[in-house]
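One structure is given here, and the rest of the page talks about it.
Owing to the predicted nature of the structure, the values given are computational and were not obtained by experimental measurement.
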Amino acid sequence: MQYLERITIDASICHGKPCIRGMRWPVEVILDMLGSGMLIDEILDDHPELEKEDIIASLNYAKLLMSGQTLDIAA
């Protein structure tokens with residue numbers, strides 16, 4: 001799936017939650033910002049350390065989880 005290599009899981013970062021590129025940006029926070037109505041460009045303007053591909057990866061990760069597919073993601 002597109003950009004999933006950007007999602008990392010490391011027990012020492014954010015209690016092992018799926019994060020963006022090993023940073024302290026959990027996927028759930030990205031999804032929460034989108035769910036609150038923020039546009040991708042607004043997120044990127046507010047958080048320049050993130051990239052558009054990180055947001056796409058977060059959406060793809062959530063889609064895979066919802067579909068019931070198994071994921072093999074490691075730090």
Side-chain angles (χ1 to χ4, degrees):
M1 184 57 68
Q2 195 172 25
Y3 304 117
L4 280 184
E5 70 277 359
R6 291 175 170 267
I7 307 297
T8 56
I9 298 174
D10 183 335
S12 66
I13 299 174
C14 294
H15 306 286
K17 291 181 178 183
C19 290
I20 301 296
R21 294 183 285 126
M23 298 187 294
R24 295 188 179 281
W25 272 104
V27 168
E28 70 179 291
V29 172
I30 305 296
L31 296 173
D32 187 51
M33 287 189 286
L34 290 167
S36 73
M38 286 184 79
L39 302 174
I40 291 174
D41 287 337
E42 292 173 325
I43 295 170
L44 298 176
D45 286 344
D46 288 351
H47 307 286
E49 67 277 16
L50 294 173
E51 299 172 1
K52 182 178 181 179
E53 292 81 4
D54 298 327
I55 297 170
I56 294 168
S58 297
L59 290 168
N60 284 329
Y61 181 80
K63 180 219 170 252
L64 285 174
L65 284 180
M66 294 305 297
S67 73
Q69 292 183 15
T70 58
L71 302 171
D72 185 26
I73 296 177

Any [X] side-chain heavy atom under 4.5 Å of [Y] side chain:
| X | Y | answer |
| --- | --- | --- |
| M23 | L50 | yes |
| P18 | T8 | no |
| P26 | V29 | yes |

How far apart are the closest heavy atoms of [X] and [Y], and which atoms are they?
| X | Y | result |
| --- | --- | --- |
| R24 | C14 | NH1-N, 3.5 Å |
| S58 | I20 | OG-CD1, 3.3 Å |
| I13 | C19 | CG2-SG, 4.1 Å |

Quick note, salt bridge (Lys or Arg N to Asp or Glu O under 4.0 Å) partners involving residues 11-21, not counting sequence neighbours, are K17-E28, R21-D54
field: Single-linkage hydrophobic cluster I9~V27, side-chain heavy atoms < 4.5 angstrom
entry: yes
Quiz: residues 31-48 side-chain donor-acceptor pairs under 3.5 angstrom, not counting sequence neighbours:
| from | atom 1 | to | atom 2 | distance (Å) |
| --- | --- | --- | --- | --- |
| S36 | OG | M33 | O | 2.8 |
| E42 | OE1 | L39 | N | 2.7 |

*Distance, nearest 0.5 Å, that separates CH2 of W25 from CD1 of I30*: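 Between atom CH2 of W25 and atom CD1 of I30 there are 5.5 Å.
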query = Who are the side-chain contact (heavy atoms from CB on, under 4.5 Å) partners of S67, not counting sequence neighbours?
reply =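 With neighbours one apart ignored, the set is L64, Q69.
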